[in-house]
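These notes concern the structure reproduced below.
Quick caveat: nothing in here was measured; it's all calculated off a predicted structure.
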Amino acid sequence: MDAEKKVKNNSNKQVLSMIRALSITAAVFVTLLWSSSYILNQYAFVEGVGPYTLAGMRYSAAAFTLWVVLRLRDQKHAQRKRGHEVQSVNRKLSQGKWKLTWKDNLFLGITGFILAQGLQYAGQFYLTPMQSNMFLSVGNILFLLLIDAFWLRELNNRATFLAVLAAMAGIVIYYYPWHLAQGSLIGIVLILISCVGNVVHLTYSRYLLTRKQTAPSALVLTPMLIGAAGMLLAGFILEGMPPYSLKLILILLWLGPINGALAFTLWAWSQKQLRAYESSLINNLMLLEVALMDILFLGRSITYLQAGSLCITGTAIVAVQLAPLLKKPKQLPSESDK
């Protein structure tokens with residue numbers, strides 16, 4: 001019996017390790033999609049669209065795509081309903097148990113989209129891409145540390161804390177010297193407020209996923225619709241009707257369904273397996289990815305100091321991700337040791 005339990009425990013550990021590896025892979029894939037958004041946003045701004053309007057149109061397209069996918073999934077479930085009445089009832093009961101309130105949806109929509117995404121786009125309008133990425137990354141980590149200290153309390157390892165500081169140091173070194181243009185103060189404030197929204201959204205999403213057992217898909221569609229509506233309203237009021245072109249439409253077709261609906265669904269699923277600070281550090285891989293995309297697509301150059309700082313940041317991120325996997329479990333004393 002002891003041997004069977006040991007085999008079963010080892011099997012469960014392997015399954016959990018595979019799920020965690022898939023979660024990390026999915027989160028990294030999402031950062032690649034979001035990094036490509038940076039390049040596409042630059043092309044969209046050249047077409048004459050404002051930041052709030054662009055963000056609103058992007059997430060409107062994403063929400064519509066996600067709604068279509070969910071409708072098709074529900075129809076598929078309905079077709080399998082015959083002969084599975086008990087499973088259908090159980091599924092409905094579980095969905096009722098996990099259903100978010102309108103306050104939850106409103107809170108997630110405001111923090112995760114209107115604040116985190118809308119103000120991030122607006123901040124990039126006033127700052128250079130390098131400056132906006134620096135303040136976004138550093139701000140996310142700083143606010144996450146504060147929230148973790150008072151709420152989740154997951155960041156309780158000294159080595160992990162040092163790795164977070166190393167990642168922050170690499171981020172700051174990468175963007176040295178920090179030349180701020182006129183109007184940059186407005187951009188910095190907007191970026192930092194977006195960081196607050198992003199970290200609060202990330203932390204509350206993990207709380208709903210782990211403590212309330214909420215389905216990951218429930219955290220995306222309705223909050224995204226609320227956020228898209230708010231950003232479109234702000235864009236039409238502040239920026240007017242946007243100009244339309246074939247290039248802009250093609251950009252929106254990629255930003256919405258792929259970089260929006262697919263990316264946010266995968267990100268929400270990965271948060272169920274990863275801790276909040278781990279998700280935030282993976283999100284900072286965008287620093288490395290955007291730098292490479294800048295070189296490949298926008299022709300930017302990189303200095304030796306920036307290359308070294310990217311190595312520091314990347315190493316810190318990898319260390320935080322591998323630490324739980326490499327940590328040896330404590331062995332219980334055997335009968336002979338007692």
Near [X] [atom1], under 6.0 Å, is it more than 12 heavy atoms from other residues, nucleotides or ligands?
{"X": "F29", "atom1": "CZ", "value": "no"}
{"X": "F107", "atom1": "CZ", "value": "yes"}
{"X": "F45", "atom1": "CZ", "value": "yes"}

Task: Chi angles and distances behind the side-chain contact (heavy atoms from CB on, under 4.5 Å) call for K247, I251 - done: CA-CA 6 Å; K247 187 176 181 180; I251 290 173; 4.2 Å; yes
Rounded to the nearest 0.5 Å, what separates atom [atom1] in [X] from atom [atom2] in [Y]?
{"X": "N198", "Y": "L202", "atom1": "CG", "atom2": "CG", "result": "6.5 Å"}
{"X": "T65", "Y": "L253", "atom1": "OG1", "atom2": "CG", "result": "8.5 Å"}
{"X": "Q273", "Y": "I24", "atom1": "CD", "atom2": "CD1", "result": "10.5 Å"}
{"X": "L66", "Y": "T265", "atom1": "CG", "atom2": "OG1", "result": "4.5 Å"}
{"X": "I193", "Y": "F143", "atom1": "CD1", "atom2": "CZ", "result": "9.0 Å"}

- [ ] Specify whether F264 and W34 have parallel, tilted or perpendicular ring planes, treating 30° as the upper limit for parallel and 60° as the lower limit for perpendicular.
- [x]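 Ring orientation, 0 to 90° scale: tilted.
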Kindly work out whether a path of hydrophobic side-chain contacts (I/L/V/M/F/W/Y, heavy atoms less than 4.5 Å apart) joins [X] to [Y].
{"X": "L225", "Y": "V69", "result": "no"}
{"X": "M18", "Y": "L274", "result": "no"}
{"X": "F236", "Y": "Y244", "result": "yes"}
{"X": "L262", "Y": "L250", "result": "no"}
{"X": "Y43", "Y": "M293", "result": "yes"}

Using every non-hydrogen atom in the two residues, find where [X] and [Y] come nearest and quote the distance to one decimal.
{"X": "G197", "Y": "A116", "answer": "C-CB, 4.1 Å"}
{"X": "W269", "Y": "I19", "answer": "CH2-O, 4.3 Å"}
{"X": "G260", "Y": "M224", "answer": "O-CE, 4.1 Å"}
{"X": "P223", "Y": "N105", "answer": "CD-OD1, 3.6 Å"}
{"X": "S194", "Y": "L119", "answer": "CB-CB, 3.9 Å"}
{"X": "S245", "Y": "E47", "answer": "OG-OE1, 2.8 Å"}

Check: [Y] and [X] side chains under 4.5 Å, non-hydrogen atoms:
{"X": "I191", "Y": "I188", "value": "no"}
{"X": "F297", "Y": "L292", "value": "no"}
{"X": "L219", "Y": "L100", "value": "yes"}
{"X": "Q306", "Y": "T303", "value": "yes"}
{"X": "L54", "Y": "L252", "value": "yes"}
{"X": "V49", "Y": "M57", "value": "yes"}
{"X": "V28", "Y": "T31", "value": "yes"}

TODO: Show your working on side-chain contact (heavy atoms from CB on, under 4.5 Å) between D294 and I302 and close with a plain yes or no.
DONE: CA-CA 9 Å; D294 271 347; I302 187 172; over 6 Å; no
Without swapping roles, check the side chain of [X] against the backbone of [Y] for a donor-acceptor pair under 3.5 Å.
{"X": "S270", "Y": "W267", "answer": "yes"}
{"X": "S36", "Y": "L33", "answer": "yes"}
{"X": "T214", "Y": "L208", "answer": "yes"}
{"X": "R58", "Y": "N259", "answer": "yes"}
{"X": "N41", "Y": "S37", "answer": "yes"}

TODO: Examine Y52 together with Y121 and report whether their ring centres are nearer than 6.0 Å.
DONE: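 Ring centres of Y121 and Y52 not closer than 6.0 Å.
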- [ ] Would you tell me whether S35 and E289 have side-chain atoms, one donor and one acceptor, within less than 3.5 Å of each other?
- [x] yes
TODO: Go through the side-chain N and O atoms of Y59 and Q117 and say whether any donor and acceptor fall under 3.5 Å apart.
DONE: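 Short answer, yes.
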TODO: Would you sort out whether L136 and L192 count as a side-chain contact (heavy atoms from CB on, under 4.5 Å), showing the intermediate values?
DONE: CA-CA 7 Å; L136 184 66; L192 291 179; over 6 Å; no
- [ ] Report the C-alpha separation of L115 and V196 in whole Å, then their side-chain angles, then the decisive distance to 0.1 Å, and conclude whether the side-chain contact (heavy atoms from CB on, under 4.5 Å) test is met.
- [x] CA-CA 8 Å; L115 293 181; V196 175; over 6 Å; no
